Enquirer: 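One structure, pasted below without further comment.
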Amino acid sequence: MPQPQPGLPRSLREALTRVRVVHGDIRALAPGGYAIASMNFVAEGVTEDFMEFTDFCHRFVRSVGPGGHLVAAFMENMPTYRIGPASRWPGCPVDPDVVTEVFAPLTRRLVVTRIDADPTLPDYGDSGMVLLTAVRRPS
């Protein structure tokens, strides 16, 4: 049995007691209110407009204070797509270069990686995932 590490929570439940999940509109969040933020498959899936995508991402970065940590995932090259006959969902095609370009001016320790699409999942037209970790630069 591994020995407990001093200073680390003893269980997942204990670790999560300090976590506060906030669901909301990124356009309504006060800047700098969080120490860490996670955004997964949102900014590229709510708009077809690159400038609006960039604005969402910059607001996401600014939601953490300087030195705050960011984690994000994007569907790579996600086109506008449909689920069923009546629904139409927007898509803003992004790739690692685009994600890097959008986040680099506001972050440091930016790491952008890519994962191939999983052929066992439904094909919505994306080519994989783009993953990001970063720290917000001082203002």
Side-chain angles (χ1 to χ4, degrees):
M1 185 93 168
Q3 295 296 316
Q5 296 292 317
L8 292 180
R10 291 176 296 224
S11 68
L12 178 59
R13 181 180 300 263
E14 183 181 336
L16 292 177
T17 61
R18 299 183 303 191
V19 173
R20 181 172 55 112
V21 176
V22 177
H23 296 275
D25 187 328
I26 190 69
R27 296 168 294 191
L29 289 178
Y34 302 93
I36 186 169
S38 172
M39 176 175 65
N40 300 292
F41 314 118
V42 175
E44 79 285 12
V46 296
T47 184
E48 296 174 27
D49 181 84
F50 180 73
M51 293 308 296
E52 190 172 26
F53 168 81
T54 300
D55 181 57
F56 283 143
C57 292
H58 286 185
R59 288 174 185 262
F60 167 67
V61 172
R62 291 184 182 113
S63 72
V64 299
H69 293 268
L70 303 159
V71 178
F74 305 89
M75 297 305 294
E76 181 183 52
N77 296 312
M78 178 60 102
T80 299
Y81 64 101
R82 294 184 182 280
I83 300 177
S87 70
R88 180 182 176 279
W89 297 84
C92 186
V94 299
D95 61 22
D97 291 338
V98 167
V99 171
T100 299
E101 175 186 331
V102 167
F103 282 86
L106 301 176
T107 64
R108 59 186 173 86
R109 294 184 6 213
L110 175 63
V111 177
V112 176
T113 56
R114 179 187 178 281
I115 297 175
D116 285 332
D118 183 340
T120 66
L121 297 176
D123 182 4
Y124 294 112
D126 63 279
S127 56
M129 291 187 294
V130 179
L131 309 175
L132 170 146
T133 60
V135 174
R136 182 178 171 191
R137 286 185 189 275
S139 301

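Remember, it's a predicted structure, so these values are computed and weren't measured experimentally.
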Enquirer: Kindly write out the residues that satisfy side chain to side chain contact (heavy atoms under 4.5 Å, CB included) with Ser11, not counting sequence neighbours, or none if the list is empty.
Expert: Arg13, Glu14
Enquirer: To the closest 0.5 Å, what do you measure between CG (Leu70) and CZ (Arg62)?
Expert: 12.0 Å
Enquirer: According to a hydrophobic-cluster definition based on side-chain heavy atoms being under 4.5 Å apart (Ile, Leu, Val, Met, Phe, Trp, Tyr only), do Ile26 and Met51 belong together?
Expert: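 Linked, Ile26 and Met51 end up in one cluster.
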Enquirer: For residues Gly91 and Pro93, report the shortest heavy-atom separation together with the two atoms involved.
Expert: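 So the minimum-distance heavy-atom pair works out to O-CD, 3.5 Å.
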Enquirer: Return the set of residues passing side chain to side chain contact (heavy atoms under 4.5 Å, CB included) with Asp116 (not counting sequence neighbours), or none when no residue passes.
Expert: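 With sequence neighbours excluded, Asp116 shows a side chain to side chain contact (heavy atoms under 4.5 Å, CB included) to Arg114, given in chain and number order.
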Enquirer: To the nearest 0.5 Å, what is the distance between CG on Asp55 and CZ on Phe60?
Expert: 14.0 Å
Enquirer: Check whether the side chains of Thr120 and Asp118 place a donor and an acceptor atom closer than 3.5 Å, and report yes or no.
Expert: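 Indeed, the side chains of Thr120 and Asp118 share at least one donor-acceptor pair under 3.5 Å.
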Enquirer: How many angstroms lie between OG1 in Thr113 and CG in Leu132, if you round to the nearest 0.5 Å?
Expert: 8.5 Å
Enquirer: Could you list all the salt bridge (charged side-chain N to carboxylate O under 4.0 Å, His left out) pairs where at least one residue sits in residues 123-139, not counting sequence neighbours?
Expert: none
Enquirer: Measuring from Ile115:CD1 to Ser127:OG, what's the distance to the nearest 0.5 Å?
Expert: 12.5 Å
Enquirer: Give a yes or no on whether Phe103 and Leu29 share a hydrophobic cluster (residues Ile, Leu, Val, Met, Phe, Trp, Tyr; joining criterion: side-chain heavy atoms under 4.5 Å apart).
Expert: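 Yes, same cluster.
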Enquirer: Any idea which heavy atoms bring Val102 and Cys57 closest together, and the distance?
Expert: CG1-CB, 3.6 Å
Enquirer: Restricting to pairs with a member in residues 100-110, which pass side-chain hydrogen bond (donor to acceptor under 3.5 Å, both in side chains), not counting sequence neighbours?
Expert: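 Matches after skipping sequence neighbours: none remain.
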Enquirer: Could you state whether Val21 and Leu12 fall into the same hydrophobic cluster, counting links through intermediate Ile, Leu, Val, Met, Phe, Trp or Tyr residues with side-chain heavy atoms under 4.5 angstrom apart?
Expert: yes
Enquirer: Do Val98 and Val42 sit in one hydrophobic cluster, given that two such residues count as connected whenever their side-chain heavy atoms are within less than 4.5 Å of each other, even indirectly?
Expert: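 Yes: a chain of side-chain contacts under 4.5 Å links Val98 to Val42.
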Enquirer: Restricting to non-hydrogen atoms, name the atom on Val64 and the atom on Ile36 that form the minimum distance, rounded to 0.1 Å.
Expert: CG1-C, 3.7 Å
Enquirer: Tell me which pairs pass ring pair (Phe, Tyr, Trp, His ring centres under 6.0 Å) where either residue lies in residues 28-54, with sequence neighbours left out.
Expert: Phe53-Phe74
Enquirer: What closest approach, in Å, do Pro90 and Val46 show between heavy atoms, and which atom pair accounts for it?
Expert: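 So the minimum-distance heavy-atom pair works out to CG-C, 3.6 Å.
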Enquirer: Restricting to pairs with a member in residues 23-37, which pass salt bridge (charged side-chain N to carboxylate O under 4.0 Å, His left out), not counting sequence neighbours?
Expert: Asp25-Arg27
Enquirer: Nearest 0.5 Å, please: how far is NE2 in His58 from OG in Ser63?
Expert: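 Reported to 0.5 Å precision, the distance equals 12.5 Å.
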